[in-house]
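Written below as structure tokens is the structure these notes are about.
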Amino acid sequence: MSEWNHRHLIDLSHFSLEDYFSVLQLASRFKSLPTTGARKLPALQGRLVTTLFFEPSTRTRSSFELAAKRLSADVQTFSPSSSALKKGETPLDTALTYVSMGSDVLVIRHSCTSVPEQIAQALEKNGKPTSVLNGGDGLHSHPSQGLLDLFTLANYFEPNNPLPSALVNKRIAIVGDILHSRVARSNLWALTGCGADVILCGPPSLLPREFSQFVDAPPPGQSKDPIDIRGKIYLTRSLKNALEGADAVITLRLQKERMQHNLLTDLNRYHRDYGITHQSLNWCEKQIPVLHPGPVNRGVEISSELLDDHSICLIEKQVSNGIPIRMALLYLLTTSKDRLSNSTADALSSP
Ligand code: ASP
């Protein structure tokens with residue numbers, strides 16, 4: 001496996017092709033472990049993983065906790081409703097409390113963009129070795145979802161070799177509320193990073209034109225894109241255009257809780273124009289898989305019948321693939337921390 005040098009995982013803009021390869025390769029190994037009998041590996045025995053979800057979650061939090069337990073780590077769960085947040089404690093002070101208890105990895109979700117990053121920076125500044133893994137921040141990023149979608153698609157296209165190469169020259173449509181979706185942003189980095197082209201489709205109020213340049217600028221702090229096979233992004237308002245020629249479609253939840261203005265008034269019309277259904281899939285040139293990150297508004301972004309048709313809709317596979325992907329991320333971050341601190345120790349002890 002190639003070198004993994006990230007202490008924290010905030011977003012995927014800095015990921016190289018080797019990083020995608022490391023995550024998918026390790027996830028495949030974890031996925032191939034027996035699913036019955038003794039399911040635990042001792043890899044993270046004695047480590048402590050803390051989930052700090054300041055915003056609700058069903059899938060992501062429990063999947064991280066299960067992943068940590070499968071690797072034999074201890075797991076601590078922070079619940080905002082019964083915590084000192086109610087007494088005015090800040091997210092950073094909450095995080096530092098768990099760091100003082102010896103947490104090795106903080107998995108953080110917050111409704112405000114950049115809270116996980118600010119906490120990671122504060123830990124670096126204070127010389128704390130704890131890693132931060134972004135479990136979803138505002139509209140910005142949801143890297144583990146981007147990676148599990150990538151893994152699900154790689155498994156669909158190349159079941160015997162589900163690696164980044166499975167995505168090269170594929171055309172993936174992402175449909176719906178792009179504007180409010182941190183999943184779409186992480187998908188854009190991951191899919192184009194592995195050489196796929198992405199067609200974004202949605203009404204003008206939910207798909208601003210700037211998205212066509214989303215991956216064009218080099219990531220902050222770098223002079224050039226670490227990836228030279230990066231795919232392209234195209235925009236369309238027409239679902240028919242998006243689906244014709246697509247190899248897969250990812251449909252997104254309408255994020256009503258993040259809609260500040262009246263961006264969408266008529267849900268029936270939205271379903272008619274952008275809903276993914278068995279009928280709309282007739283525009284595709286072949287049968288293609290449908291992904292959805294969940295939770296779902298049944299009958300809005302996807303029809304109930306299609307959601308329950310598991311020969312086409314991969315939502316169950318996405319959920320189960322989330323576990324090996326998160327095992328891989330926890331493992332890589334924890335072991336890189338050892339490597340990074342060993343090299344710091346070496347540097348300090350060398351004359
Ligand atoms: N569960 C995903 C997220 O946290 C998608 C969604 O909420 O629509 O971003």
Side-chain angles (χ1 to χ4, degrees), residues 9-13 51-67 77-78 80 91 106-117 132-153 172-191 198 200-203 205-207 211 214 249-260 263-264 267 270-271 274-276 290-302 304 306-307 313-323 325-326 329:
L9 179 54
I10 304 299
D11 64 37
L12 299 176
S13 64
T51 53
L52 287 158
F53 278 55
F54 298 94
E55 195 194 82
S57 163
T58 301
R59 278 151 277 263
T60 307
R61 195 184 79 182
S62 44
S63 174
F64 267 116
E65 292 179 353
L66 187 55
T77 307
F78 157 80
L106 302 176
V107 184
I108 303 178
R109 168 172 290 190
H110 202 285
S111 56
C112 295
T113 291
S114 89
V115 167
E117 186 170 15
V132 172
L133 216 166
N134 185 357
D137 63 327
L139 312 183
H140 169 228
S141 169
H142 193 345
S144 64
Q145 181 75 43
L147 291 166
L148 77 87
D149 290 345
L150 183 68
F151 188 50
T152 303
L153 286 169
I172 313 296
I174 305 183
V175 179
D177 185 357
I178 316 284
L179 176 64
H180 298 102
S181 176
R182 54 195 177 205
V183 173
R185 287 170 175 83
S186 290
N187 282 333
L188 280 171
W189 286 115
L191 296 170
V198 177
L200 294 176
C201 175
S205 59
L206 300 179
L207 176 52
F211 269 91
F214 186 76
V249 55
I250 301 174
T251 174
L252 301 168
R253 181 174 70 90
L254 275 186
Q255 309 239 337
K256 294 178 203 145
E257 77 279 20
R258 296 191 215 278
M259 290 196 191
Q260 287 166 352
L263 290 179
L264 208 63
L267 289 186
Y270 178 81
H271 182 67
Y274 295 103
I276 306 295
V290 176
L291 285 75
H292 189 304
V296 178
N297 297 306
R298 278 182 182 259
V300 180
E301 63 266 1
I302 182 169
S304 225
L306 184 55
L307 185 69
C313 182
L314 303 187
I315 192 161
E316 287 185 334
K317 291 205 163 46
Q318 289 171 273
V319 173
S320 54
N321 284 334
I323 300 162
I325 280 289
R326 291 177 173 120
L329 293 176

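By convention here, the first residue in the shown sequence is residue 1. Order of listing sets the numbers, starting from 1, for every ligand and every atom in it.
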Strictly by modelled atom types, are [X] and [Y] linked by a side-chain donor-acceptor pair under 3.5 Å?
| X | Y | result |
| --- | --- | --- |
| S144 | R326 | yes |
| T77 | E65 | yes |
| R253 | H180 | no |

**Neighbouring residues of ligand 1, heavy-atom cut-off under 4.0 Å** =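 Lining ligand 1: R109, H142, R182, V183, R253, Q255, G294, P295.
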I'd like to check the ring-ring contact (aromatic ring centres under 6.0 Å, His included) partners of H271; sequence neighbours left out, ordered by chain and number.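 ring-ring contact (aromatic ring centres under 6.0 Å, His included) list for H271, sorted by chain: empty.
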Notebook entry, point to check: Which residues satisfy the ring-ring contact (aromatic ring centres under 6.0 Å, His included) test with F151, sequence neighbours excluded?
Noted result: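 Here no residue qualifies.
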task: State which residues pass side chain to side chain donor-acceptor pair (under 3.5 Å) with D137; sequence neighbours excluded, sorted by chain then number.
output: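 Scan of D137 (side chain to side chain donor-acceptor pair (under 3.5 Å), adjacent residues dropped) gives N134, H140.
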